[in-house]
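This one's a predicted model, so the numbers in the text were calculated from it and none came from an experiment. These values consider heavy atoms only, across backbone and side chains, with no hydrogens, waters or symmetry-generated copies.
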Amino acid sequence: MQDLLNEILDEVRPLLGQGKVADYIPALGGVRPDQLGIAVYGNDGQVFSAGDAETAFSIQSISKVFSLVQAIGHSGEEIWQRLGHEPSGQPFNSLVQLEFEQGMPRNPFINAGALVICDINQARFAAPSLSMRDFVRRLCGNRAITSDSKVADSEYQHRSRNAAAAYLMKSFDNFHGDVEDVLRSYFHHCALSMNCIDLAKAFGFLAHQGFCAHSGEQILTARQATQVNSIMATSGLYDEAGNFAYRVGLPGKSGVGGGIVAIVPERASVCVWSPELNAAGNSLVGMAALEKLSARVDWSVF
Ligand code: DON
């Protein structure tokens, strides 16, 4: 596995320069574009990594999985009264469906859906940002994980589109908390700073029937873990979920920081990071690396 990861990074490195670092969040625009890292966390506890796997980056929408898992943990099936688990076929920040569908987001991974999940969590936790940070620290076993307040503040200053989604949902009575408070929590989650190894470890429970082996905690039931994986497979990469299924064939979740996490059920969790994005807002080189890895090890769930 170690040799394979080194080989794959060498093979995809020539693609660097073809994508574009996200700059709609100004604090992300300054990230060095040519970075590339990968980590694999096996269900047997082994970690393999290559490239810039120990460099922390902004996890952005990857945090939407952690929020969803927290919400399922305390409210279970009840959450589906407020949002769906259907793919949207639309960009992550699109508003068009939300108006047509009476303020009910298609799924928890588009921004509107993640905001509803944050609204649900906000009603449950006294300090939502701290509870999320501690949850993630437990999942990856790294007590040093923090949220980058410069990134969170930058996002809050440029919040118009997310605020529009939240206020639109409020007009349909599908948003109960204070919009500005929930936006601040959401941006704090997105601004969590983690590296590939942290993220591969944090997602291990989804490859392991909901069980986090290194903390010994049952995070979700086995059934709930398969359900989260199914939503990642159908909606984790937004309007590119079909392409990701075709090329990689694994449940996955991307973020505009350039990270992508993928789950190999019963075997491993993987995180790849390269900040340059393709037109759909997903890591261009990261996707290519995962495609090669999945093909070489024959990991596609299809
Ligand atoms: O709300 C936003 O637009 C960002 N904080 C997160 C978007 C994101 O990561 C989409 N993923 N590819």
Side-chain angles (χ1 to χ4, degrees), residues 1-2 4-6 8-9 12-13 19 22 28 31 35-69 109 135-142 144-145 189-208 212-214 219 225 228-229 232-233 236-237 240 244 247-265 267-277 281-294 296-297 299 301:
M1 178 57 78
Q2 187 58 56
L4 181 60
L5 294 184
N6 288 331
I8 286 173
L9 291 200
V12 298
R13 225 171 246 118
L28 291 184
V31 174
Q35 302 180 86
L36 173 61
I38 190 165
V40 174
Y41 177 58
N43 281 14
D44 59 2
Q46 289 199 84
V47 180
F48 298 95
S49 66
D52 301 308
E54 292 182 43
T55 305
F57 58 90
S58 195
I59 73 168
Q60 292 296 318
S61 287
I62 296 173
S63 66
K64 292 168 178 171
V65 184
F66 298 133
S67 304
L68 173 66
V69 169
F109 296 150
F135 180 53
V136 171
R137 283 179 175 183
R138 284 204 325 269
L139 284 180
C140 67
N142 181 354
I145 301 295
H189 304 341
C190 291
L192 280 164
S193 195
M194 298 172 76
N195 65 33
C196 290
I197 296 173
D198 294 325
L199 276 166
K201 287 181 81 174
F203 276 81
F205 73 99
L206 287 176
H208 212 169
C212 175
H214 55 88
I219 307 295
V228 171
N229 285 340
M232 288 173 70
L237 277 88
E240 217 185 6
F244 191 74
R247 290 176 57 189
V248 180
L250 297 171
K253 184 75 208 80
S254 61
V256 289
I260 307 178
V261 167
I263 306 300
V264 194
R267 300 178 76 169
S269 43
V270 185
C271 178
V272 62
W273 170 59
S274 176
E276 290 181 352
L277 309 180
N282 300 316
S283 176
L284 189 144
V285 184
M287 183 101 114
L290 283 174
E291 179 177 20
K292 283 184 184 288
L293 180 60
S294 172
R296 300 268 187 92
V297 196
W299 267 347
V301 297

Apply side-chain hydrogen bond (donor to acceptor under 3.5 Å, both in side chains) to Arg13 and list each qualifying residue two or more places apart in sequence or on a separate chain.
Asp10
Tyr41 and Leu199, any side-chain heavy atoms less than 4.5 Å apart:
no
Counting distance only, does the side-chain N/O of Arg137 pair as donor-acceptor with the main-chain N or O of Ile145 below 3.5 Å?
yes
Value for CG (Leu5) from OG (Ser49), rounded to nearest 0.5 Å, stands at 7.5 Å
If we only count heavy atoms from C-beta on, is the Val40 to Val47 side-chain gap below 4.5 Å?
no
Is a side-chain N or O of Lys253 found less than 3.5 angstrom from the main chain of Ile62, in a donor-acceptor match?
no
Do any N or O atoms from the side chain of Ser283 and from the backbone of Ser274 form a donor-acceptor pair under 3.5 angstrom?
yes
Heavy-atom nearest pair, His214 first then Lys201, reads NE2-O, 3.8 Å
Which atom names give the shortest non-hydrogen contact between Ile219 and Cys212, and what distance separates them?
CG1-CB, 3.9 Å
Taking all atoms of both residues into account, what is the closest heavy-atom pair of Cys196 and Phe57, and its distance?
N-CE2, 3.9 Å
Heavy-atom side-chain contact between Leu277 and Asn282 under 4.5 Å:
no
Check whether any side-chain N or O of Asn229 sits under 3.5 Å from a backbone N or O of Leu206 as a donor-acceptor pair, and report yes or no.
yes
Mind checking whether Met232 and Phe109 have side chains closer than 4.5 Å, heavy atoms only?
yes
Just so I know, are the side chains of Val261 and Val65 near enough to count as touching, which here means a heavy-atom distance under 4.5 Å?
no
Return the set of residues passing side-chain hydrogen bond (donor to acceptor under 3.5 Å, both in side chains) with Asn142 (not counting sequence neighbours), or none when no residue passes.
Asp198
Which of Ile8, Val12, Val248 passes side-chain contact (heavy atoms from CB on, under 4.5 Å) with Leu290? Answer is Val248
Under 3.5 Å, is there a donor-acceptor pair between the side chain of His208 and the main chain of Asp44?
no
Between Glu54 and Asn195, is any side-chain donor less than 3.5 angstrom from a side-chain acceptor?
no
Minimal heavy-atom distance between Asn43 and Ala268, with the atoms involved, is OD1-N, 3.7 Å
Side chain of Ser294, backbone of Glu291: donor and acceptor closer than 3.5 Å?
no
Taking all non-hydrogen atoms of both residues into account, name the closest pair between Ile59 and His189 and its distance.
CG1-O, 4.0 Å
Under the side-chain contact (heavy atoms from CB on, under 4.5 Å) test, residues paired with Thr55 that sit two or more places apart:
Gln35, Asp52, Trp273
Looking just at side-chain N and O atoms, do Ser61 and Lys64 make a donor-acceptor pair shorter than 3.5 Å?
yes
Atom pair NZ/CD1 of Lys292 and Ile38 - distance to nearest 0.5 Å:
12.0 Å
Taking the side chain as C-beta and beyond, is there a heavy-atom pair between Met1 and Gln46 under 4.5 Å?
no
When rounded to the nearest 0.5 angstrom, what distance separates OG in Ser67 from CZ in Phe135?
9.5 Å
Which of these, Phe205, Phe203, Trp299, sits in a side-chain contact (heavy atoms from CB on, under 4.5 Å) with Ile263?
Phe203
Keeping the roles fixed (side chain from Ser269, backbone from Ala200), state whether a donor-acceptor pair exists under 3.5 Å.
yes
Can you see which heavy atom on Gln2 is nearest to which on Ala50, and at what distance?
NE2-CB, 4.4 Å
